Engineer: 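Handing you a structure now.
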Amino acid sequence: MTSGEAEVSRRRLTSGPGTLLVWLYGVMVVGAVSRSAYQIATEFDRAPLAYALSAVAGVVYGFITYSLVRGGETARRAALACCAAELAGVLTVGTWTLIEPSAFPDATVWSDFGMGYLFIPVLLPLSAIYWLRRGVPRGDAA
């Protein structure tokens, strides 16, 4: 790949809908990290699992944001893997909070499939996976 092709590949992740994804993931980083940092610092003993999971969500959002901005094929693959892990986390925690609400005395970012965040935590990885898979060259999709 020439340097010009590499630059086009890098830009492609943040063009069009990719720009919106970067913006939304950036907002989620700020929301999840600031929420978990405050809760861990002030009331960690109240719901340690919930607050730790919110911190993990913030780190995952940060890595995906970085990967989208960085661009390139390696970043695309890393973002895809992280989005899949994020979706698995949202579905697992969302289901867990519905089945066993007593396990979470306070909500996480992913509680109830992200209901406290307008369901963005469940919709965002689906959108990102679609966007990232859409840009994969046909021969590399397998």
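This structure is a prediction, so every number in the text was calculated from the model and none was measured.
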Engineer: Return the minimal non-hydrogen interatomic distance between Cys83 and Ala128, and the atom names on each side.
Structural biologist: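 Smallest interatomic distance, heavy atoms only, reads SG-CB, 3.6 Å.
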Engineer: Would you mind listing every salt bridge (charged side-chain N to carboxylate O under 4.0 Å, His left out) that reaches into residues 22-44, with sequence neighbours excluded?
Structural biologist: Glu43-Arg46
Engineer: Could you pull out the closest heavy-atom pair between Ser67 and Ala75, with the gap in Å?
Structural biologist: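 So the two residues come closest at O-CB, 3.3 Å.
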Engineer: To check you understand the geometry: which heavy-atom pair defines the closest contact between Ser54 and Ala32, and what is its length?
Structural biologist: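 The answer is O-CB, 3.8 Å.
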Engineer: For Ser102, what residues pass the side-chain hydrogen bond (donor to acceptor under 3.5 Å, both in side chains) criterion, not counting sequence neighbours?
Structural biologist: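 Applying side-chain hydrogen bond (donor to acceptor under 3.5 Å, both in side chains) to Ser102 gives Glu100.
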Engineer: Out of the candidates Val27, Leu24, Ile64, only one should pair with Leu124 under the side chain to side chain contact (heavy atoms under 4.5 Å, CB included) rule; please name it.
Structural biologist: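 The passing option is Leu24.
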Engineer: Using a side-chain heavy atom cutoff under 4.5 Å and only I, L, V, M, F, W and Y, what cluster partners does Phe44 have?
Structural biologist: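 Reading the cluster by chain and number, Phe44 sits alongside Ile40, Tyr51.
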Engineer: Could you pull out the closest heavy-atom pair between Ser127 and Leu21, with the gap in Å?
Structural biologist: CB-CD2, 4.2 Å
Engineer: Residues in side-chain contact (heavy atoms from CB on, under 4.5 Å) with Val29, at least two apart?
Structural biologist: Val33, Tyr61, Thr65
Engineer: Decide if atom OH of Tyr38 counts as having more than 12 heavy atoms of other residues, nucleotides or ligands within a radius under 6.0 Å.
Structural biologist: no
Engineer: One pair to check against side chain to side chain contact (heavy atoms under 4.5 Å, CB included): Leu68 and Arg76. What are the steps and the verdict?
Structural biologist: CA-CA 7 Å; Leu68 289 170; Arg76 177 190 307 277; over 6 Å; no
Engineer: Between Met28 and Val109, is any pair of side-chain heavy atoms under 4.5 Å apart?
Structural biologist: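 A side-chain contact under 4.5 Å exists here.
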Engineer: Pair up each side-chain donor or acceptor in residues 85-97 with any protein partner under 3.5 Å, not counting sequence neighbours, and list the distances.
Structural biologist:
{"residue": "Glu86", "atom": "OE1", "partner": "Tyr25", "partner atom": "OH", "Å": "2.7"}
{"residue": "Thr92", "atom": "OG1", "partner": "Ala88", "partner atom": "O", "Å": "2.7"}
{"residue": "Thr95", "atom": "OG1", "partner": "Leu91", "partner atom": "O", "Å": "2.7"}
{"residue": "Thr97", "atom": "OG1", "partner": "Val93", "partner atom": "O", "Å": "3.1"}
{"residue": "Thr97", "atom": "OG1", "partner": "Gly94", "partner atom": "O", "Å": "2.8"}
{"residue": "Thr97", "atom": "OG1", "partner": "Asp112", "partner atom": "N", "Å": "2.9"}
{"residue": "Thr97", "atom": "OG1", "partner": "Asp112", "partner atom": "OD1", "Å": "3.4"}

Engineer: Hydrophobic clustering (ILVMFWY, side-chain heavy atoms < 4.5 Å, transitive) - are Trp23 and Leu132 grouped together?
Structural biologist: yes
Engineer: Looking at residues at least two apart in the chain, or sitting in another chain, which of them share a side-chain hydrogen bond (donor to acceptor under 3.5 Å, both in side chains) with Ser111?
Structural biologist: Thr108
Engineer: Hey, any chance Tyr66 and Val59 share a hydrophobic cluster, counting ILVMFWY side chains that come within less than 4.5 Å of each other, even indirectly?
Structural biologist: no
Engineer: Report whether Tyr117 and Val30 are members of the same hydrophobic cluster (ILVMFWY, side-chain heavy atoms less than 4.5 Å apart, transitive linking).
Structural biologist: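 As far as the 4.5 Å side-chain criterion goes, Val30 and Tyr117 are not connected within one cluster.
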Engineer: Do Phe119 and Leu53 sit in one hydrophobic cluster, given that two such residues count as connected whenever their side-chain heavy atoms are within less than 4.5 Å of each other, even indirectly?
Structural biologist: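 Yes, Phe119 and Leu53 fall within the same hydrophobic cluster.
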Engineer: Minimum heavy-atom separation for Pro105 and Ala103, please, with both atom names.
Structural biologist: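 Minimum heavy-atom contact is CD-O, 3.5 Å.
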Engineer: Are there more than 12 heavy atoms of other residues, nucleotides or ligands under 6.0 Å from atom CZ of Phe113?
Structural biologist: yes
